[in-house]
Amino acid sequence: MTAPPLLDIKNLTVEFATRRGAVQAVKSIDVSVAKGETVAIVGESGSGKSVTSYAVVRILDRAGRVAEGSISFSGMDLVTATERQMRDLRGREISMIFQNPRAALNPIRKVGKQIEDVLLEHVQATRATAREKAIEALTKVKIARPEERYDAYPFELSGGMCQRVVIALALACQPQLLIADEPTTGLDVTTQKAVMDLIVELTRERGMSTILITHDLGLAAAYCDKVVVMEKGKVVETASAADIFRNPQHPYTRKLMQATPRIGMSLADLLPDAPKGPPAQAAAPRPAPSPDAEPLMRVENLVKEYPRPETGAFFAKLMGKAEEPKSAFRAVDSISFTVAKGETLGLVGESGCGKSTTSMMITRLIDPSGGKIIFDGTDIGAIPAKQFAASAHRRRIQMVFQDPTDSLNPRFTAERAIADPIMRMGTISGRDALRARCEELARLVGLPVELIDRFPHQLSGGQKARVGIARAIALDPDLVILDEPTAALDVSVQAVVLNLLEELKGRLGMSYLFVSHDLNVVRLLCDRVIVMKTGAIVEQGTAEQVLGNPQAEYTKELLTAIPHPPL
Amino acid sequence: MLKMIGQRLMTTIPSVIGVIIVTFLLTRVLPGDTAAYFAGPAASPQAIIEIRSKLGLDQPLPVQFVSYVTALVKGDLGQSLTTGQPVTKDLAARLPASAELTLAGLILAMAVALPLGVLAAVRQGSWIDHLCRVVATAGVSLPVFFTGLLLVYVFYFILGWSPAPLGRLDVFASEPARITGLYLVDSLLAGDVTTFRAAFAQLILPALTLAIFSLAPITRMTRASMLAVLGADFVRTARASGLSNRKVIGTYAFRNAMLPVVTTLGMVFSFLLGANVLVEKVFAWPGVGSYAVEALIASDYAPIQGFVLTMAVMYVALNLMIDVLYGVIDPRVRLEG
Amino acid sequence: MNDMSQVLKTESESISAAVPAEPAPLRFDAPPSTSLWAHARHIVAENPVTGLAFGLFALILLAAVLGPSLVPYDPLASNTSSALQGPSAAHWFGTDQLGRDIFSRVIVATRLDFAIAVFSVALVFAMGGLAGVMAGFYGGWVDKVVGRIADTIMAFPLFVLAMGIVAALGNSVTNIVIATAIINFPLYARVARAEANVRRDAGFVQAARLSGNSDWRLLLTQIVPNIMPIMAVQMSLTMGYAILNAAGLSFIGLGVRPPTPEWGIMVAEGASFIVSGEWWIAFFPGLALMTAVFCFNLLGDGVRDLVDPQRRN
């Protein structure tokens, strides 16, 4: 460690001008990256991790500026460098890749041309060789048929493929430092693994340094040498990946680490004040539902079909061509399962696997194309979704939505939102009784009672999630569908909400159908698990069986794709 | 690409049908005696009855519609009472004048609006941005006939720079040989610089009036979409890859920003074709707009109907061109159809 | 901006995460009605032009309500002995070819022009808003029908269509109102449709469905209240356009007839005097028209700032 670091950030402070004066997004931080080293900057949303990276490349937006400190790269001070020098550096010495790869590419320019632009700008190719070099760059990121892909537009490529193009773009000029800002957020877990493996392989191969900016401590630890933890603009801890997991020093790191679900934990372990000791204490043995008892819900051969969009049908008809009858798209392809009373059933799969469609059918928001949904002896699938609001079963099946902000009417106070189902279907009448019930529910979900007169924009994400949960349980439902209820929340808030859900289930005796893409969370919360792929169930069984000893190839693939931190 | 154009062409069919139905309904179904309208205010009862049977207005509505469409297909829009000519002939004679004016106005507006909008977005908060905002708000607030009159007062009456606002050419100049019908083009083709100058001098004020009016929406949209695009992720990627400012703004941002602007052009054309009528009246421009206004004053209905129909069909065609232009810029539309 | 809002959001997020029982730091500590008022003051303070627009609006309203009782002369009384006089102490805006006082005519005309705009906007708000909300919420054939109607209207250059409608319906002020409403129909229907459509599948509407709300109750309590602010912006933005349109129609001799004082027709009457230098006859009514439209456009922008949640932080 005698060689000077490639990138050395010292005492960096970044300010943003706002209506209420300057706000410091990054407060005198120190980060150094050695040559060939992979460093993760980890933090929850708004911790200043992205701002730090923008400051390095000097692409902060108009309102932001470096207030103090120095950033030296190979001995050059990037804070005082001219814009021309910076432009020369960007893409050639320091490259960046961003979250949401599809948006990161110019939508109306061929991807090959976009790579060429960078090559030509930095004189890494001439007009004559540009095409060839761009194809070479595409080949390096393992894009199949690169000559063809050269002429593709971003909208013709999948998300993972777009991210490969972005990586090709970033590495085209052989830079020394790659900054990856949440490169896999929003991608499916198997795609995430492929992309991360590719980044690591390519950067190692070239002896490059990498900064990985992420909210996912597991991902950071699995792929990086060193981890820098940021909180509210400050660096709270810097340590090697192994050390940070084994022996976190700062309380915030500890909390963050603890809140990250891993194998061998119980739900209660996620919380900061969890009693240390044998995990059995927290993971109270769940009363196994007896197999012979009649299940709460039995789903039989459930199907949802969507008609394929008829492109140019009218034109074809006009030309006298007989349109080939296309088979409808099957979003859910004849699935069957049961939900026992008091059970939490996990429904797992990657985006587009049909899990959300399934949950929408079960909540009776959309009509199935075929099959039965037998709920407590009645085939509720036969009741049209439009009429289900008036059905006596409506109050027994409720749902907690994915995005707590989107699921609350901006014009309703928290109390009005919680009271809505009670007013429509409940038995409580009278203002005072209603208010009392809302307050009781608020207490039940841990929402401070004084907050229930507030509007959604006056509540934090975690508080909004609590309102959504209170509304779902207001009528003591028998089955609650949890549609990725924590996907929009920071990991520490997620920990609290998951525990709350578990506690409520025990107390109110509900069943949960937990829809998620996060296997680590599913492991913690669910008794049984169903794995779905392209509309069909590939495996189902108890959580232990499915996640501990998977049988289906796809389940195994999903499990290996989860980043495993060194333990 | 051809497939896309074909598809767009298909979508204009319902529009054209709608336009024909509406113009038909405007004359036949609304309250009032259509025959009396067509006969004009001075007609005797006997003449009205004659007109009624001549136009087939005593027939049931579907029959009337069929004969209306049949006449349309033959290019028959009826007779003008004022000029005594077939409406089709009148409109055809006057259309080039309106087209020349509208095109000149549009080109002038684009030439100012696009750079102004782009600069305002690139230098957000600078004086040019403020100028842009003033132009955008003032432009839509100015009644187009009022702007025209102000320009006439300043440039004709006070300064004496421009000729009297009386048509396409002053009395001393002679019309160029008709090739396109656009005087500027025709005089150049004939190599007649004097006529070109005379036509240009007449055209500049009305074209400027139209340009001031249509400047606002184009500037506004250019600025807004340029701002949106400059904040987009892919522009950030382009910057982070070290591309030069010219490349980022020219190739990456501008082309993307043009997409909403091209869409706005549809609305701009709608404005322009309407404003044309008012500007033609102010400048005594012998186009289809002033033809319609004269017909309105004389309660001469056939020309008005013909005018509305012609304008609508032209507008549908313009929108089709805009769609195709959009497809040229945006591969997503072009390739997915 | 994005970074900033993230930075600001952070604090509340992480604090609430750490101490769940503590209330989150607020962007507004007061109930929303007060905050809206505070926000309005903030907007006026930040953009004095909006304040100016509110002031102008008050003046226009005053002239529209009290106009006839404020003016020094009878707007219809002609006096040939004082015809075509320029602006003076006696006649602030001069007199026209019949010796009528232009100032009085301009002020009195406010009511008519304002009324045309208000009624046509109210009419199109009712028709277009309702049709659009139904189309967006129910989709299917309702959507198709509304969309087809809007498309057909949009296939015409709007002012030209308005000319055709007034010419066909007959030359009256009522028909100007109707024509102006019809040509604005697609705009309202489309905005309402788009807003209703995105909200139809929003989480909070789905949640309300699960709470047992019927369709019409969803419309009334969940969708319509959330669309109203956007429609309000739409209304204030189209007021100016409605006035321009009505004035344009009367400029070419449709709708309002002489000697009724109305801005468009007054400009038309003054137009022939421009070339001989009597500028004031057309200038002052034109200026009044321009000011009114300018005021409504600024007001529209102001209302948008007030409503747009993007600017509310």
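Only this structure's heavy atoms are used, side chains among them; waters, hydrogens and symmetry mates stay out. All values derive from a computational prediction rather than experimental measurement.
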Inset, instruction - Could you please state which residues from residues 212-226 of chain B sit under 4.5 angstrom from chain A, measuring non-hydrogen atom to non-hydrogen atom, sorted by number, or 'none'? - result: none
Legend entry - With A:I199, the side-chain contact (heavy atoms from CB on, under 4.5 Å) member among A:T38, A:L171, A:L178: A:L178
Legend entry - Close contacts, residues 91-114 of chain A versus chain B, judged by heavy atoms under 4.5 Å: A:G91, A:I94, A:M96, A:F98, A:Q99, A:N100, A:A103, A:A104, A:L105, A:N106, A:P107, A:I108, A:R109, A:Q114
Inset, instruction - Give the C-alpha distance, both sets of side-chain angles, the deciding distance and a yes or no for side chain to side chain contact (heavy atoms under 4.5 Å, CB included) between B:I20 and B:Y68. - result: CA-CA 9 Å; B:I20 292 173; B:Y68 174 76; 3.8 Å; yes
Inset, instruction - Test side chain to side chain donor-acceptor pair (under 3.5 Å) on B:Q64 and B:S67 and set out the steps. - result: CA-CA 5 Å; B:Q64 286 188 42; B:S67 56; over 6 Å; no
Legend entry - A:R58 side, atom CZ; A:M86 side, atom CE - distance, nearest 0.5 Å: 5.0 Å
Inset, instruction - Would you mind telling me which of B:V229, B:T237, B:L243 has the largest number of heavy-atom pairs within less than 4.5 Å of chain A? - result: B:L243
Legend entry - Pairwise distance CD(A:E182) to NE2(A:H215) - rounded to 0.5 angstrom: 5.5 Å
Legend entry - Part of B:A240 lying under 4.5 Å from any heavy atom of chain A: both
Legend entry - Residues A:D77, A:S72; criterion side chain to side chain donor-acceptor pair (under 3.5 Å); working and verdict: CA-CA 4 Å; A:D77 187 5; A:S72 97; over 6 Å; no
Inset, instruction - With a 4.5 Å cut-off on heavy-atom pairs, point out which of A:D117, A:V57, A:V118 contacts chain B the most. - result: A:D117
Inset, instruction - Would you indicate whether B:M321, at its atom CE, is surrounded by more than 12 heavy atoms from other residues, nucleotides or ligands within a distance under 6.0 Å? - result: no
Inset, instruction - Look up atom CE in A:M196 and atom OG1 in A:T191, then write down how far apart they are to the nearest 0.5 Å. - result: 13.5 Å
Inset, instruction - Mind checking the CG-CG spacing from B:L108 to B:L210? Nearest 0.5 Å is all I need. - result: 9.5 Å
Inset, instruction - Evaluate the side-chain proximity of B:L26 to B:Q305: yes if any heavy-atom separation is below 4.5 Å, no if none is. - result: no
Legend entry - Intermediate values then yes/no, side chain to side chain contact (heavy atoms under 4.5 Å, CB included), B:V19 and B:Y315: CA-CA 11 Å; B:V19 162; B:Y315 183 53; over 6 Å; no
Inset, instruction - Sort by residue number and list every member of residues 121-136 of chain A having a non-hydrogen atom under 4.5 Å from chain B. - result: A:E121, A:H122
Inset, instruction - Nearest 0.5 Å please: distance from the CG atom of A:L177 over to the OG atom of A:S209. - result: 6.0 Å
Inset, instruction - Under the side chain to side chain contact (heavy atoms under 4.5 Å, CB included) rule, what do A:I167 and A:L202 come out as? Steps first, then yes or no, please. - result: CA-CA 10 Å; A:I167 295 169; A:L202 292 175; 4.1 Å; yes
Inset, instruction - Check the pair A:E156, B:R332 against side chain to side chain contact (heavy atoms under 4.5 Å, CB included), reporting the backbone distance first and the verdict last. - result: CA-CA 9 Å; A:E156 297 173 295; B:R332 288 166 290 192; over 6 Å; no
Inset, instruction - Taking only Lys NZ, Arg NE, NH1 and NH2, and the carboxylate oxygens of Asp or Glu, determine whether B:D76 and B:K74 approach each other closer than 4.0 Å. - result: no
Legend entry - Any donor-acceptor N or O pair under 3.5 Å, side chains B:T102, B:N276: yes
Legend entry - Neighbour count >12 (heavy atoms, 6.0 Å) for atom CZ, B:R123: no
Inset, instruction - Output the residues of residues 246-264 of chain B for which the shortest heavy-atom distance to chain A is under 4.5 Å, in residue-number order; output 'none' if no such residue exists. - result: B:K247, B:T251, B:Y252, B:R255, B:N256, B:L259
Legend entry - Value rounded to 0.5 Å, distance of CZ in A:R84 from CG in A:D88: 7.5 Å
